[in-house]
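Okay, so here's the structure we're looking at.
Just so it is clear, the structure is predicted and the values come from calculations on it, not from any experiment.
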Amino acid sequence: CGSVLKLLNTRHSVRLHSHEVKYGSGSGQQSVTGVEASDDANSYWRIRGKSDSSCQRGTPVKCGQAIRLTHVNTGKNLHTHHFPSPLSNNQEVSAFGDDGEGDDLDFWIVQCSGTYWEREDAVRFKHVGTEVFLSITGEQYGHPIRGQREVHGMPAANHHNYWKAMEGVFIKPSLDPAKHDEL
């Protein structure tokens with residue numbers, strides 16, 4: 001909890017990305033895409049709990065735990081709802097809210113194989129409200145986000161919905177919460 005990282009779709013080798021470009025159809029909310037570039041600053045997401053008290057900074061994320069992914073540069077949460085995605089007609093995935101506060105459609109369950117989400121694990125994110133999996137199947141946008149891939153929700157678990165933590169700042173739990181090391 002509290003880590004800021006990039007998520008790589010293992011099947012398509014693109015990172016989960018967002019920016020201040022709104023969908024021209026569907027919800028009209030901020031778009032979420034996949035990009036190949038590893039150095040794009042718009043691909044950082046902060047891991048948060050359903051509430052701030054449910055995911056204290058440095059606490060490991062349990063497999064099966066519901067989290068929020070907040071886009072660092074815009075403060076909007078990864079979100080999905082019953083709108084068709086623009087290219088594949090699956091379920092639209094957007095970024096929604098203000099300063100990390102959105103609604104009940106911002107929650108994703110981390111599906112992994114052990115007790116905790118380990119940094120090297122490929123995991124799935126299953127949406128709490130609509131039960132779709134965060135996915136990419138390869139459709140590419142034209143203008144104004146040419147070459148970026150469509151991110152969408154799919155009803156079935158498959159090889160298009162595995163994600164791996166990549167670049168970022170990974171917060172470890174404190175050994176002694178009362179002790180502070182000043183820099």
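Contact of the I145 side chain with the V21 side chain is registered, since non-hydrogen atoms from C-beta on lie closer than 4.5 Å. Within the 4.5 Å cutoff, the side chain of L16 has heavy atoms near those of the L134 side chain. The closest side-chain heavy-atom distance from V132 to M154 is not below 4.5 Å. Within the 4.5 Å cutoff, no side-chain heavy atoms of C55 are placed close to those of R68. Residues Y141 and P86 meet the side-chain proximity criterion, which asks for heavy atoms closer than 4.5 Å.
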Does E92 form a side chain to side chain donor-acceptor pair (under 3.5 Å) with H152? I'd like the steps, not just the answer.
CA-CA 5 Å; E92 179 190 277; H152 52 253; over 6 Å; no

Mind running side-chain contact (heavy atoms from CB on, under 4.5 Å) on V128 and W108 for me, showing each step along the way?
CA-CA 5 Å; V128 172; W108 300 82; 5.9 Å; no

With side chain to side chain donor-acceptor pair (under 3.5 Å) as the test, would you mind laying out the steps for T130 and Q91 before giving the verdict?
CA-CA 9 Å; T130 64; Q91 189 166 298; 2.8 Å; yes

Decide side chain to side chain donor-acceptor pair (under 3.5 Å) for N90 and S85; before the verdict, give the C-alpha distance in whole Å, the side-chain angles of both, and the deciding distance to 0.1 Å.
CA-CA 5 Å; N90 285 303; S85 58; 4.9 Å; no

Could you please spell out the steps behind the side-chain contact (heavy atoms from CB on, under 4.5 Å) verdict for E36 and R149?
CA-CA 9 Å; E36 291 180 4; R149 308 281 180 89; 3.3 Å; yes

H19 and T33: CA distance, side-chain angles, deciding distance, side-chain contact (heavy atoms from CB on, under 4.5 Å) verdict:
CA-CA 9 Å; H19 40 233; T33 63; 3.8 Å; yes

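Checked by atom type, the side-chain pair S88/E150 shows a donor-acceptor distance below 3.5 Å. Defined by atom type and a distance below 3.5 Å, a donor-acceptor pair is present between the side-chain atoms of D106 and H79. A donor-acceptor contact closer than 3.5 angstrom links the side chains of Q30 and T74. With 3.5 Å as the limit, one finds a donor-acceptor pair spanning the side chains of S43 and H17.
In the hydrophobic clustering of ILVMFWY residues, with side-chain heavy atoms under 4.5 Å counting as a link, V93 and V123 come out together.
Looking at K164 and D121, no side-chain N of the basic residue comes within less than 4.0 Å of a carboxylate O on the acidic one, giving no salt bridge. Between R48 and E101, at least one side-chain nitrogen of the basic residue sits less than 4.0 Å from a carboxylate oxygen of the acidic one, meeting the salt-bridge criterion.
In this structure, R124 forms a cation-pi arrangement with Y162, its terminal cationic atom sitting closer than 6.0 Å to the ring centre and no more than 45° off the ring axis. In this structure, K62 fails the cation-pi test against Y116, since its NZ or CZ atom is not both closer than 6.0 Å to the six-membered ring centre and inside 45 degrees of the ring normal.
Shortest non-hydrogen contact noted between S94 and H81 is OG-CE1, 3.5 Å.
Aromatic rings of W117 and F125 (six-membered ring for Trp) have centroids within the 6.0 Å cut-off, being under it.
No more than 12 heavy atoms of other residues, nucleotides or ligands shown are found within 6.0 angstrom of CD on E20.
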